Amino acid sequence: MQKSNIILSTGTLVWFGLKQIITLAKGTGYDGVEIVPTRRIVKETIGASDLKFMKSIHHNWRLDIGQDQKYGINKFTSLIFTILRLIFCPSLPQSKIFIQNLSTKLNCPVTVHEISPKWTKDNQSKEFLGGISYEIMDTSTTPDELRRWLRNSDHSIVVDSRDDQSLLWAKKYGFRDWKELWTWIGLKKIKGIQLTLIGLNGIKKILNHEETLPEQQLLWLYEKRWEGTVTVEVNPISLYISSQGRLRQGLKTILNFTRQTLVYGKKWSY
């Protein structure tokens, strides 16, 4: 049995408070949570005692405003995301201060969407004590630039389980598929997987034990003896509909899917 953390992103339940999410994550068997700063999360994290259950930090989505088209997100969806960010997320200065302070307390990596000054100064003074994990989305970063960036021992990669975001970058630079991309990066540098389930179709397939791309990917990682963190990031509305209102049970099923494929190396699909 391999060692891997399976954690729940607080962004999955963006309107919940920190205590509610931690209680839900613990109750369904997750190993921890990823902190995505919302107004409520920022307020409730100050003075929080359960720091050990916070395993990683993800930069505020607010920093994505104006960038969605570059990530292949259409204008209508981008508008909805922008409104949600403005409603739920703190201001940019508040977010940056919060993330930097929390990184120092937790000594865990911060996931960013760009390796640019907008997201991180990335200097030698340990801006983020636990290091930086880059979720590949910015197609303007060249392979040579990414290679140089990865030489730093504090730098790592987070890849998305969907066959789109990181592959927008991969396809631009001639990689055939996710397997070739992940091999090129090197599994030792891939510290995290974002198990991202947004639409109804992907969630339904997992709930119904049908074959999916994430199943192929997690079984492949099992064969390679990869040990890292899988962050479950689910659209709660899609999950609520797909699980017929049983949100808690739906999250537990996704956890069981991840554990069965990645930790035990067994197929999930019938």
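Predicted model only: the values in this text are computed from it and were never measured.
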As an exercise, state the distance from [atom1] of [X] to [atom2] of [Y], rounded to the nearest 0.5 Å.
X	Y	atom1	atom2	answer
Leu8	Lys26	CG	NZ	13.5 Å
Ile35	Phe98	CD1	CZ	6.0 Å
Cys89	Gln94	SG	CD	11.0 Å
Gln100	Ile57	CD	CD1	10.5 Å
Ile206	Leu197	CD1	CG	4.5 Å
Phe128	Leu106	CZ	CG	12.5 Å

[X] side-chain N/O to [Y] backbone N/O, donor-acceptor pair under 3.5 Å:
X	Y	value
His209	Tyr270	no
Ser103	Ile99	no
Asp177	Lys179	yes
Thr196	Glu233	no
Ser161	Gln194	yes
Glu127	Thr120	no
Arg39	Ile87	yes
Glu44	Gly17	no
Thr231	Ile7	no
Lys252	Gly27	no

**Asked** Under 4.5 Å between side-chain heavy atoms, hopping through other hydrophobics if needed: is there a path connecting Leu24 to Val230?
**Response** yes
**Request:** Give a yes or no on whether Leu13 and Ile41 share a hydrophobic cluster (residues Ile, Leu, Val, Met, Phe, Trp, Tyr; joining criterion: side-chain heavy atoms under 4.5 Å apart).
**Result:** yes
**Message:** Does anything in residues 227-251 form a ring-ring contact (aromatic ring centres under 6.0 Å, His included)? List the pairs, not counting sequence neighbours.
**Reply:**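 Qualifying pairs, neighbours excluded: none.
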Parallel, tilted or perpendicular: which fits the ring planes of [X] and [Y], with parallel below 30° and perpendicular above 60°?
X	Y	answer
Trp220	Trp178	perpendicular
Trp169	Phe175	parallel
Phe257	Trp268	perpendicular

Closest approach of [X] to [Y] (non-hydrogen atoms, all atoms of both residues):
X	Y	value
Glu211	Ser269	N-CB, 3.4 Å
Pro37	Ser95	CG-OG, 3.8 Å
Leu219	Lys267	CD1-CG, 3.9 Å
Pro109	Lys55	CD-O, 4.4 Å
Ser243	Gly250	CB-CA, 4.2 Å
Val263	Tyr222	O-CE1, 3.5 Å

**Item:** Option from Val159, Leu150, Val158, Ile115 for which side-chain contact (heavy atoms from CB on, under 4.5 Å) with Tyr134 holds
**Value:**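 Filter result, single survivor: Ile115.
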Taking ring pair (Phe, Tyr, Trp, His ring centres under 6.0 Å) as the test, write out the residues that go with [X], two or more places apart.
X	answer
Tyr30	none
Trp15	none
Phe53	none

Sub-4.5 Å side-chain heavy-atom contact between [X] and [Y]:
X	Y	answer
Trp119	Ile132	no
Val234	Ile203	yes
Ile193	Leu262	no
Leu146	Ile157	yes
Thr45	Met54	yes
Ser56	Thr111	no

**Item:** Transitive ILVMFWY cluster of Leu200, excluding itself - 4.5 Å side-chain cut-off
**Value:** Ile237, Ile241
**Message:** Taking transitive links into account, so neighbours of neighbours count too, which hydrophobic residues share a cluster with Leu129 at under 4.5 Å side-chain distance?
**Reply:**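 None, because no other hydrophobic side chain comes under 4.5 Å of this residue.
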**Message:** For Ser156, give me all partners under side chain to side chain contact (heavy atoms under 4.5 Å, CB included), at least two apart in sequence or on another chain.
**Reply:** Ser133, Lys191
**Asked** What residues form a side chain to side chain contact (heavy atoms under 4.5 Å, CB included) with Ile97, not counting sequence neighbours?
**Response**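 By the side chain to side chain contact (heavy atoms under 4.5 Å, CB included) rule, Ile97 matches Asn101.
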**Prompt:** Residues two or more places apart in sequence or in another chain: which of them pass salt bridge (Lys or Arg N to Asp or Glu O under 4.0 Å) with Arg151?
**Reply:**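 In terms of salt bridge (Lys or Arg N to Asp or Glu O under 4.0 Å), with neighbours along the sequence ignored, Arg151 is linked to no residue.
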**Sequence neighbours excluded, every pair satisfying salt bridge (Lys or Arg N to Asp or Glu O under 4.0 Å) that has a member inside residues 242-251** =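 Output for this query is empty, none listed.
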**Centroid-centroid under 6.0 Å between Trp182 and Trp226 rings** = no
**Prompt:** With sequence neighbours excluded, what pairs up with Ser9 under the side-chain hydrogen bond (donor to acceptor under 3.5 Å, both in side chains) test?
**Reply:**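 Expected list: Glu34.
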**Prompt:** Who passes side-chain hydrogen bond (donor to acceptor under 3.5 Å, both in side chains) against Ser116, sequence neighbours left out?
**Reply:**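 Residues passing side-chain hydrogen bond (donor to acceptor under 3.5 Å, both in side chains) with Ser116: Glu114.
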**Message:** Quick one, Leu239 with Leu247, criterion side chain to side chain contact (heavy atoms under 4.5 Å, CB included). Give me CA distance, side-chain angles, the key distance, then yes/no.
**Reply:** CA-CA 7 Å; Leu239 181 60; Leu247 189 64; 3.5 Å; yes
**Prompt:** Yes or no on side chain to side chain contact (heavy atoms under 4.5 Å, CB included) for Leu195 and Ile6, after CA distance, side-chain angles and deciding distance?
**Reply:** CA-CA 10 Å; Leu195 178 55; Ile6 305 171; over 6 Å; no
**Asked** Is atom NZ of Lys172 surrounded by more than 12 heavy atoms (other residues, nucleotides or ligands) closer than 6.0 Å?
**Response** yes
**Asked** Would Thr212 and Glu215 count as having a side-chain donor-acceptor pair, cut-off 3.5 Å?
**Response** no
